Every structure is written in C-alpha cells, then in structure tokens.
Number of protein chains: 2
Amino acid sequence: MQITRAGEYGVLGLMHLARGHPGQRAMIDQVSRQERIPKSFLAKIFQSLAKAGLVRSIRGSGGGFALVKDPADISVLEIIEAVEGRIVFQRCKLAQPDCEHVGGCALCGLFERAQDGIKGALTQTSLRDLIRQQERINSTLAEKRGRG
Amino acid sequence: MQITRAGEYGVLGLMHLARGHPGQRAMIDQVSRQERIPKSFLAKIFQSLAKAGLVRSIRGSGGGFALVKDPADISVLEIIEAVEGRIVFQRCKLAQPDCEHVGGCALCGLFERAQDGIKGALTQTSLRDLIRQQERINSTLAEKRGRG
DNA sequence: GTCAATTCGGACTAATTTTGTCCGATACAA
DNA sequence: TTGTATCGGACAAAATTAGTCCGAATTGAC
C-alpha cells in the first residue's frame, strides 16, 4: 500500500476545510469544485476521514463536513493513513521461510528504515504547517507576477 | 512509480551474484530457483540491470550474468532505480495551474522531503552492507537453532 | 408533512500498473 | 552444427487505483 491520489486528495480536502474559521463546514460539492477533485471520489475519501475522527459530518440541507481537531494537531501522515490505511513498503520475500517479515531479513530491515525516513517527514508536518507554507508560496508567486 | 516486487527481486538477484567470488557468473535459471523468483520475470529484470551497467551479460552456453562493479560501490537505490526507473511519490495536483510540480506547491515540497528521507536510507546502504547484514542475521539465527 | 439538500455506504466499473509468460532472434562454445 | 543462454518485445493475467452510481438515511426549511 502506497501513497496514491486518494491520500493526496484527502490532504487537499482537509487543507480546504482548515483554511476557513475553526469549525466551519464545507460541502463535498464546494471542495470538489474548488480543488478540482472528482466529487464522488472525494465523498468516499471524506467518509474515511470521518471514520478516523478527523472530520465530523453533518447531514441534511445546510450540512457538510467540519474539522474536528486543530490543524496544528493533525499530521499529514495521520491524514494519509486515515485514507489509505497503513503505508507499508514492499514486503520482502527472501528464500528462507524464516523471514517472518518483521526484521527477519536484511532487506526487510532496510525497507523499514527507509519507511521511517518518509514517516518522519510526514509526521513532523502538520496540516497548519502545510497551509502556512502554501500561503508563503502563493504570496511570493503573486509578488513575482506583480513585478513581471 | 514506486518500489515493487521487480525492484525487490533485482536486489535479491544482485545479492545472489555478489555472494560468489568477484566476476563469478550465474544463470537466470540458477538464481531464479535459489531465490524463488519467477524465471522469465527475473530475466526481464536482469535486462534492466544490464542496461544500467550494473551487470554484464554473457550469451551462449556457459553464459549468464556477472557483476560489473564492486558490491561496496553499488547502492540499493541504484539497483531499485535501475529496475523501476526513478522512484517518485505521488505528484500533487493543486488547483492552481501554477503548480509546475517541482516545489510549486506545499504538498509537492513535502513529498519531495519525504522522498529524500527514503532515498537517504537506500543510498547509504550498499549491496555489500546488505549481504553482511544478512550473514549476521543468518548466523544469529543458526545459533538460536543450535541452542533451541 | 413534504420537499430539497446533503451525507452514507456499498456495489459496480474503468483505467492503470504490476506481475508475469511466451517466443522468435541472436550469440557463443564445443 | 547443435545445444545452451540471453535479448527484446509482444502479449496476458492479476491486482490495484481511480472513480461512478444509486438507493437510503438524515436534516432544515417551508
């Protein structure tokens, strides 16, 4: 299981939610249009996010989804794993039947270390961090355009 | 593009080659049987490794494949990328058409950092390291069995 | 109470990628 | 010349990813 569009869309969707004031709700339709994500697909993804307790769903007219936690307290890894399940690298498959696949062979061990590498980056970055970075990028971009 | 069985098999195949004396050749058939990798699939993988210059192919009877470089000078990343092509995380797809996908948006940037995390681990480990680790694992395993 | 808006949840389909297989061509040794 | 190997690309099967669809449930407004 790897990082796929589903996970990516999940992060983009939550970024959208988190940009509003705390507790603000947004409809799938809105988010889907603004972030250019297929509506039904996004709906499914938000269901996973709801199950994981990252967002709360409000049904009926005037309903939508709302963030449950503070964006500073949500790591990108959390979001991605909520959508995709545990992200795991290629399980190795050595000749020996001894390799129970948890540090049983050298290749397994290496993959685990590699995994920790990516998880580190994704855990350290919170949803809020991501949004701030984006804002910074946007403003420097706007500045460039203004000058150009 | 991600790390798949093909890459894993490539590493296992080269580990097999590297365990012999320097320059030793091995046939696909051999490697395939001993490492329990489907023969035709392994053949295709070794073709990629040959193209990348990691192994040399000798055709005809008595032929096979032989390592070109010293196992200490081959990183696991090299092997995997030889087989799978550049490993790249989910390219992000922000709403703005500005996102040229090279550090153009925050999510891209994050994915790049995560990528560097795994590449670090895979670059630092050489084929020789891997084999040594495996030997260590095997011997402690044998010891356990002897006592048990 | 009815209607319209909205999520829920799961079945379904399409597209893509992964994981192979197969076979004729080519190269080499004996 | 014959037997053994790789070469290289076309082909096929399986798995995964990406996305659609639809009926049901829930809620707010009139």
Side-chain angles (χ1 to χ4, degrees), chain A residues 1-13 17 24-33 35-68 80 83-93, chain B residues 1-13 17 24-33 35-68 80 83-93:
Chain A
M1 223 163 249
Q2 308 279 356
I3 298 181
T4 68
R5 289 209 189 271
E8 184 185 308
Y9 289 160
V11 177
L12 291 177
L17 269 190
Q24 171 149 35
R25 26 181 100 162
M27 287 178 303
I28 292 288
D29 199 60
Q30 247 174 62
V31 184
S32 139
R33 255 203 306 271
E35 307 287 341
R36 297 193 198 161
I37 299 170
K39 187 174 157 178
S40 341
F41 196 24
L42 188 62
K44 204 161 68 170
I45 291 166
F46 264 72
Q47 280 181 37
S48 309
L49 293 173
K51 258 185 206 155
L54 292 177
V55 301
R56 171 171 65 95
S57 74
I58 304 103
R59 287 215 217 175
S61 80
F65 289 90
L67 265 186
V68 167
I80 292 180
V83 175
E84 323 237 26
R86 277 288 189 82
I87 61 174
V88 177
F89 265 27
Q90 191 62 19
R91 55 271 157 220
C92 101
K93 205 173 91 180
Chain B
M1 224 162 247
Q2 308 280 355
I3 298 181
T4 69
R5 291 213 186 269
E8 185 186 308
Y9 290 160
V11 177
L12 292 176
L17 269 189
Q24 172 149 37
R25 30 181 98 164
M27 285 179 304
I28 292 288
D29 199 61
Q30 247 174 61
V31 184
S32 141
R33 256 203 306 271
E35 306 289 340
R36 298 194 197 160
I37 298 169
K39 186 173 157 178
S40 341
F41 196 23
L42 187 61
K44 205 160 66 168
I45 290 166
F46 264 72
Q47 280 181 38
S48 308
L49 293 173
K51 257 183 206 156
L54 292 177
V55 300
R56 169 171 65 97
S57 75
I58 304 103
R59 288 214 215 174
S61 78
F65 288 91
L67 265 186
V68 167
I80 292 180
V83 176
E84 324 236 25
R86 276 289 187 82
I87 62 173
V88 177
F89 266 25
Q90 192 60 20
R91 56 271 155 219
C92 102
K93 204 173 96 180

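Residue numbers begin at 1 in each chain, while the letters A, B, ... track the order of the sequences. Please read these numbers as outputs of a predicted model, since none were measured by experiment.
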Looking only at N and O atoms, is any donor in the side chain of A:Arg59 or the base of D:dA25 less than 3.5 Å from an acceptor on the other one? yes
When you compare the side chain of A:Leu54 with that of A:Val68, does any pair of heavy atoms fall below 4.5 Å? no
Please give, in whole Å, the distance from D:dT16 P to A:Glu84 CD? 14 Å
Regarding B:Phe65, tell me which of base, sugar-phosphate or nothing describes its non-hydrogen contacts under 4.0 Å with the strands shown. sugar-phosphate
d(CD1, A:Ile37; C1', D:dT20) in whole Å: 16 Å
Among C:dC8, D:dT6, C:dG20, the nucleotide that comes nearest once only the side chain of B:Met27 is considered: D:dT6
Give one of base, sugar-phosphate or nothing for B:Ala50, where a contact means two heavy atoms less than 4.0 Å apart. nothing
Does B:Ser61 make a side-chain N or O approach to OP1 or OP2 of D:dT2 shorter than 4.0 Å? no
Need one value for B:Ala43: base, sugar-phosphate or nothing, where a base atom within 4.0 Å counts as base even if backbone is also close, heavy atoms only. nothing
Side-chain heavy atoms of A:Val31 within contact of A:Leu42, under 4.5 Å: yes
Can you check whether any acceptor in the base of C:dG20 is under 3.5 Å from a donor in the side chain of B:Lys44, or vice versa? yes
Whole Å only: how far is the CD atom of A:Gln47 from the C1' atom of D:dA25? 12 Å
Expressed as a whole number of angstroms, how long is the span from B:Ile45:CD1 to D:dG9:P? 17 Å
Return the CD to CD distance between A:Glu84 and A:Glu8, rounded to the nearest 0.5 Å. 9.5 Å
Write down the atom of A:Ser48, the atom of A:Val83, and the distance for their closest heavy-atom approach. CB-CA, 4.3 Å
Let's see if you can work this out: which of D:dC7, C:dG20, C:dC22 has an atom nearest to the side-chain heavy atoms of B:Ser57? D:dC7
Would you tell me if any nitrogen or oxygen in the side chain of A:Tyr9 comes within less than 4.0 Å of OP1 or OP2 on D:dA18? no
Nearest listed nucleotide, side chain of A:Arg5, among D:dT6, D:dG19, C:dT21: D:dG19
CG of B:Leu12 versus C1' of C:dT19: gap in Å, rounded? 15 Å
Ranking B:Lys39 and A:Phe41 by the position along DNA chain D of their nearest nucleotide, the one closer to 5' is B:Lys39
Considering heavy-atom distances to DNA chain C, does B:Ala6 or B:Ile58 have its closest nucleotide positioned more toward the 5' end? B:Ala6
Using atom CZ of A:Arg56 as one end and atom P of D:dT27 as the other, report the distance to the nearest whole Å. 12 Å
A:Phe46 CZ to C:dT6 P, in whole Å, measures 15 Å
Whole angstrom is fine here: how far is it from CG in B:Leu42 over to C1' in D:dT6? 12 Å
Residues A:Ile28, A:Phe65; criterion side chain to side chain contact (heavy atoms under 4.5 Å, CB included); working and verdict: CA-CA 8 Å; A:Ile28 292 288; A:Phe65 289 90; 3.5 Å; yes
